[in-house]
Amino acid sequence: MEREIIKIGLPRALLYYRYRVLWRTFFQELGMETVVSSPTDRAILEQGTALAIDEACLSLKIYLGHVAALIGQCDYILVPRVSNFGRHRAMCTRFESTPDLVRNVFRNSGQKFLSYEVDQEMKKAGEEDAFVELGKSLGCTAKEAKKAYKAAKKAELGHHKERVQRYEQQYKKEGMKVLIAAHSYVAEDPYMGRMVSDYLKKAGVIPVRADMVDREAALKHSRELSPTCKWEVNREILGGIAMHKGDVDGIILLSAFPCGPDAMVNELITRRVKGVPMLNLVLDSQSGTAGVETRLESFIDIIRFQEGKL
Amino acid sequence: MAEVKKKSVSFPRYAEYSCAFNYIVERALGCRYVMPPALTKRTMELGTKYSPDFVCTPFKTILGSMIEALEAGADTLLMTHGLCRLGYYGELLEQILRDLGYQFDFINLSDYDMSKKKEYLRILRRFDPKVNYARFLVQFMEGLRMVEYVDEVTCEYYKNCGFDATDGQYKRAYQDFLTAMYTAQNRGDVEAGYRAAKRSLQSIPLDKPRRPLRVGIVGEFYTAMDAFSNLEVEQKLADMGVEVHRWMNVTNQFLRYGSGQKNLRVKIQDLSIYDMGPTSTANIWYARECAERGYDGLIHIKSAACTPEIDVMPVLQNISADYKIPVLYLTYDAQTSDVGLMTRLEAFYDMIDMRKKVL
């Protein structure tokens, strides 16, 4: 008897932007299908906002909208718990709560959810252990799951390396370069950071990304700016800034309202990184882009003015 | 050679635990303790002025309290580590204070790997290079005993103080107990103060109905416990004639259960599979416990932008729906007026009182 192909839903928000290659390859290797929700649009944002607690961050609101869009479209929706990768390598507590949060918000939908747990510090559960458990919960053997994880991790690292190389090329180009310091799910979401990078390109500025650097090197360099920063992604961003602040004309600290880690780390960056024009831009669910564009325009003007080009 | 000057250590004001910090710093660490002035409107104004906008409110309170401690003569500040944003408080607080021009020694526990026992010794030597570990341990345990007494007596106080049949003896007995703890010089003082408090709280006549209104408090570890930060919500409720119950305190969260609250999670498996944040398991467990015991209402307390507590709210909403128990969600920012809170509490009280009479 042929086993029916299991369909896994991947909400296109939060960790998707970090782990899309890992997730897709892992499930593919195990002979499963993945469906990804479509890019953020007004309807997704509105539905997510309606489902979320008012005070939750914009990123979570968008995430819940994506989960809602996948309800009934697949056998399982993947909502992992990623707590930390070790000491001072934590994720925001929101990534600890998402699986239970989503289950509670959608408890009457009949939808099944799938989780894995990465918690090195408290439970000694690294990413590989987590994926082996995940594979086993889907009826695969530990060996199959391990093999699939290895292949998936290789693909993920390869993909990241390729992107880093592409961004490294950007630094060599002629013209004004602005470093965007943001979580990947903020930088790449059409309703958040994408409008910033699109506007910069239109204005003839080359946008580069602080988190698009070799992750290990970035973790080391992050210590130069903040010795006790405890968040993995913020440390990658800090490292990226430490490594590249001399190569760019300005830095945009881009965060979603009210991002917990960014609220503190960005304050520290503005206090410790000197000599580069910096814009602290906090995005909430706005219905137009005019406000953001005005701020970007004046920021570019300030850089040009300082460089004597205006 | 002149005698090495004792450090003047301070730790931000936090609920009624400052008496225990005082005891531990003076007795166990052999330093001078600088008690930060009681939290006031000025503390909040100072803290808010120099803090980033959307950091959680306790950061602002603590920054204000640290500035006041430095003004009061502290030369060494201690900051704890933590599982949420609290773990990053230290570095940012220090940077802000240094940028303001203050000079001090800063002992930040986030600098140390607290899973290693050796690190504890390194920290102790920061306070006193010649620290006597055996003496430290004995005195430290006595300080923790004080924490347990404070929690136990506070718990009893808020349960009953709304039903005091005298002209305020119950409240005075509690104040006397706190005074005894803040002034205790040795173990004998601590034990005597505790016993006197237990005796007087039990001897004061109460006028309590057979089925009083009972309200459970859950929420964020700082704001739910610090009376100044939550605008004395427990006292206000109690004064309306309500039994106020709160499980969350240092004794229950740290001394009894530590970080592995495995046995609390057993009963909430259907609501939450994992830890959703540092205090989620305890809060969800206690909320359900209150609901199952037939309490009349729950109050969820958090500071603005507290991520872990925002994430617990959908679970509380489900408990509320399943057990038909009303929940009042309170978010505190750096307010200085409690009129708004009073209005909401009165409405909540009227509602649960009416329900009790009808049901």
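Here the structure is a predicted model, which is why all the values come from computation and not from measurement. All chains are named by letter (A, B, ...) in the order of the sequence lines, taking the proteins before the strands, and each is independently numbered beginning at 1. Values below: all heavy atoms of this structure, side chains included; hydrogens, waters and symmetry mates excluded.
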Give, for atom [atom1] of [X] and atom [atom2] of [Y], the distance between the pair rounded to the nearest 0.5 Å.
X        : Y        : atom1 : atom2 : value
A:Asp100 : B:Thr281 : CG    : OG1   : 8.5 Å
B:Ser303 : A:Glu55  : OG    : CD    : 9.0 Å
B:Asp111 : A:His88  : CG    : NE2   : 7.5 Å
B:Gln95  : A:Arg272 : CD    : CZ    : 4.0 Å

Flag yes if more than 12 heavy atoms outside [X] fall under 6.0 Å of its [atom1] atom; otherwise flag no.
X        : atom1 : result
B:Asp53  : CG    : no
B:Lys117 : NZ    : no
B:Gln269 : CD    : yes

Chain A interface, residue from B:Ser272, B:Ser115, B:Ala304, B:Gly87 that has the most non-hydrogen pairs under 4.5 Å: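 Maximum pair count with chain A is reached by B:Ser272.
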
Looking at B:Asp113, B:Asp99, B:Asn108, B:Val55, which makes the most heavy-atom pairs under 4.5 Å with chain A?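 Highest number of pairs under 4.5 Å: B:Asp113.
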
Could you tell me which portion of [X] (side chain, backbone, both or neither) has an atom closer than 4.5 angstrom to a non-hydrogen atom of chain B?
X        : value
A:Pro99  : side chain
A:Arg94  : both
A:Ile53  : side chain
A:Val265 : both
A:Cys259 : backbone
A:Leu60  : side chain

Relative to chain A, which segment of [X] carries a heavy atom at a distance below 4.5 Å: side chain, backbone, both, or neither?
X        : value
B:Thr331 : side chain
B:Tyr329 : neither
B:Thr307 : both

Less than 4.5 Å apart, any side-chain heavy atom of B:Phe54 and any of A:Glu267?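 Sidechains of A:Glu267 and B:Phe54: no contact.
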
Heavy-atom check, side chain of B:Ile273 versus side chain of A:Arg81, under 4.5 Å: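 Not in contact.
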
[X] and [Y]: which non-hydrogen atoms are nearest, and at how many Å?
X        : Y        : result
B:Tyr88  : A:Ser226 : OH-OG, 2.7 Å
A:Ala263 : B:Pro52  : O-CB, 3.7 Å
A:Glu96  : B:Gly277 : OE1-CA, 3.6 Å
A:Lys230 : B:Leu83  : NZ-O, 3.0 Å
B:Leu271 : A:Asn104 : O-ND2, 2.8 Å
A:Ser97  : B:Asp311 : OG-OD2, 2.6 Å

Give the member of A:Thr93, A:Thr228, A:Leu101, A:Thr270 that has the highest number of heavy-atom pairs under 4.5 Å with chain B.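 Most pairs with chain B among the choices: A:Thr228.
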
For the pair A:Lys123 and B:Asp275, evaluate salt bridge (Lys or Arg N to Asp or Glu O under 4.0 Å) and give the outcome as yes or no after the intermediate values. CA-CA 12 Å; A:Lys123 297 183 183 152; B:Asp275 271 335; 5.5 Å; no

Distance-only side-chain donor-acceptor flag, B:Tyr274 / A:Ser83, under 3.5 Å: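 No, A:Ser83 and B:Tyr274 have no side-chain donor paired with an acceptor closer than 3.5 Å.
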
